[in-house]
Protein chains: 2
Amino acid sequence: MRFSTRGHYGLKAMFDLAQHYGTAPVPLKSVAERQNLSVQYLEQLIAMLKKAGLVKSVRGAQGGYMLAYSPEEIKVGEVIRALEGPVAPVDCVNEFDPKECDQADFCITRIVWEKIRNSIAQVMDSITLADLCREAKRKKKLEKS
Amino acid sequence: MRFSTRGHYGLKAMFDLAQHYGTAPVPLKSVAERQNLSVQYLEQLIAMLKKAGLVKSVRGAQGGYMLAYSPEEIKVGEVIRALEGPVAPVDCVNEFDPKECDQADFCITRIVWEKIRNSIAQVMDSITLADLCREAKRKKKLEKS
DNA sequence: CAATACCCTAGTAACATGCTATGATATCGT
DNA sequence: ACGATATCATAGCATGTTACTAGGGTATTG
């Protein structure tokens with residue numbers, strides 16, 4: 001069981017934008033360099049994030065991307081869902097539109113997948129981009145000392 | 001992000017075997033009928049479970065499969081790992097052999113995936129097949145009343 | 001000896017992934 | 001005005017995985 005690189009890379013990019021929140025728009029090229037990702041691929045991911053309303057863009061020279069809200073207001077779960085779709089370890093417990101099979105009523109194993117789904121969602125929704133920035137700061141401080 | 005049908009179907013099958021624990025070996029055909037799965041596909045899944053030491057088999061007529069241990073001793077996590085491999089939402093936080101990238105030291109988003117991994121593992125490892133059997137019993141009782 | 005059932009391997013259609021390529025459009029600085 | 005910088009949009013594509021099916025073989029029972 002794996003998430004795709006979309007969620008993986010996309011979260012990296014959003015974290016990068018969060019660290020530049022409040023400054024000038026950040027061009028994807030610089031995000032790609034810092035996070036060691038392909039610009040072209042990142043463009044596709046950020047398009048999804050824009051569609052989801054999580055980032056804003058400024059076109060043209062000196063342009064780039066920025067978070068649509070403050071890092072404090074953006075949960076990791078929103079980012080990952082925008083890129084990976086709803087949390088659904090198996091189809092019949094999709095968090096938004098479960099494709100329930102005819103056995104749904106008496107399928108006991110279902111409760112396992114529901115619990116897994118809920119615990120994933122709980123983690124994703126309890127961490128904000130600001131939390132990650134704080135963590136980065138803390139780590140930097142530790143290195144210095 | 002999804003688990004494959006291997007974990008999904010395999011857990012169903014193991015639950016089925018758990019419900020017949022202590023009786024004669026259960027032929028796959030009957031498991032497949034009850035759980036609405038293809039016999040041929042199930043054979044492949046159960047082969048993996050056997051390799052992992054979770055089930056025993058009896059060949060020939062009147063043969064079939066049975067749990068290698070009591071349902072109380074078999075965690076859902078063991079079943080799922082046998083079929084899906086180690087819990088690893090992204091490769092760099094694989095629970096057994098993480099393919100750490102060169103950024104591992106300063107990659108902050110990593111902690112998100114670690115937390116997700118841990119919460120999945122925690123759920124899987126805190127439920128036994130016996131728990132599922134008890135749940136099934138409870139549900140059956142509720143239906144009657 | 002035939003019925004039952006486990007065991008093993010190979011093949012394969014369909015789909016998802018993780019990109020790259022190409023080109024268009026908008027904006028800024030000079 | 002123009003060229004550099006960026007975003008924006010779509011298409012293509014190699015590779016791998018999934019979810020099976022097919023077609024055997026082997027062991028055991030009655």
Side-chain angles (χ1 to χ4, degrees), chain A residues 1-13 16-17 20 24-33 35-52 54-68 80 83-85 88-92 99 101, chain B residues 1-13 16-17 20 24-33 35-52 54-68 80 83-85 88-92 99 101:
Chain A
M1 111 74 208
R2 299 171 33 243
F3 284 78
S4 72
T5 58
R6 285 198 293 277
H8 190 179
Y9 297 173
L11 184 58
K12 276 190 172 193
D16 196 292
L17 293 185
H20 294 85
V26 184
L28 268 198
K29 201 187 165 200
S30 70
V31 175
E33 274 165 12
Q35 305 295 330
N36 195 29
L37 304 169
S38 130
V39 184
Q40 308 249 35
Y41 192 36
L42 251 195
E43 275 183 342
Q44 293 176 27
L45 305 185
I46 206 112
M48 302 175 80
L49 293 165
K50 203 192 168 191
K51 215 177 203 170
L54 295 173
V55 300
K56 287 188 295 189
S57 63
V58 176
R59 299 185 69 162
Q62 267 66 271
Y65 292 93
M66 62 192 88
L67 298 186
I80 296 179
L83 295 160
E84 303 262 348
V90 302
D91 286 339
C92 54
K99 280 161 199 60
C101 66
Chain B
M1 108 74 207
R2 299 168 36 241
F3 284 79
S4 72
T5 59
R6 285 199 293 277
H8 190 177
Y9 296 174
L11 183 57
K12 275 190 173 194
D16 196 292
L17 292 185
H20 293 85
V26 184
L28 268 198
K29 201 187 165 201
S30 70
V31 176
E33 273 165 13
Q35 305 297 329
N36 195 28
L37 304 169
S38 131
V39 184
Q40 306 249 38
Y41 191 36
L42 250 194
E43 276 183 341
Q44 293 176 28
L45 305 186
I46 205 114
M48 301 174 82
L49 293 165
K50 203 191 168 192
K51 214 177 204 170
L54 295 173
V55 300
K56 287 189 294 188
S57 62
V58 177
R59 299 186 70 163
Q62 267 68 271
Y65 291 93
M66 62 191 88
L67 297 185
I80 297 179
L83 295 160
E84 304 261 348
V90 301
D91 286 338
C92 55
K99 281 161 199 60
C101 65

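We name chains A, B, ... by the order of the sequence lines, and we start the count at 1 in each one.
The residue A/L28 sits close only to the backbone: its heavy atoms come under 4.0 Å of sugar-phosphate atoms, none of a base. A/Y9 comes within 4.0 angstrom of the backbone, heavy atoms only, and of no base. Residue contacts shown for B/K50 are limited to sugar-phosphate atoms, with no base heavy atom under 4.0 Å away.
Toward the 5' end of DNA chain D, the nearer of the two residues A/S57 and B/E84, judged by each one's closest nucleotide, is A/S57. The residue among A/R2 and A/Y65 whose nearest nucleotide of DNA chain D is located toward the 5' end is A/Y65.
Atom pair B/H8:NE2 and D/dC20:C1' shows a separation of 16 Å (rounding to whole Å applied). Atom CG in B/L45 sits roughly 15 Å away from atom P in C/dC8 (whole-Å rounding). Going from atom CD of A/Q40 over to atom C1' of D/dA9 covers 12 Å, rounded to whole Å. Taking atom CE of A/M48 as the reference point, atom C1' of C/dT17 lies 12 Å away to the nearest angstrom.
When side chains are defined from C-beta on, B/Y41 counts as touching B/T5, because their heavy atoms get closer than 4.5 Å. By the 4.5 Å heavy-atom criterion applied to side chains, A/E43 and A/Q40 are counted as neighbours. Contact of the B/I46 side chain with the B/V31 side chain is not registered, since no non-hydrogen atoms from C-beta on lie closer than 4.5 Å.
A/R59 contributes a side-chain N or O that forms a donor-acceptor pair with the base of C/dT25 under 3.5 Å. Side-chain atoms of A/E43 come within donor-acceptor range of the base of D/dC8, with a qualifying N/O pair under 3.5 Å.
Here the side chain of B/Q62 is nearest to one of D/dT21, D/dT18, D/dT29, namely D/dT29. Comparing atom distances between the B/Q44 side chain and each of C/dA10, C/dC7, D/dT7 picks out C/dA10 as nearest. Taking only side-chain atoms of B/A61, from C-beta outward, the nucleotide of C/dG18, D/dA6, C/dA3 with the closest atom is C/dA3.
Atom NZ of B/K99 has more than 12 heavy atoms from other residues, nucleotides or ligands within 6.0 Å.
The closest donor-acceptor contact from the side chain of B/H20 to the backbone of B/D16 lies under 3.5 Å.
Between A/S38 and C/dT20 there is a side-chain N or O to OP1 or OP2 distance below 4.0 Å.
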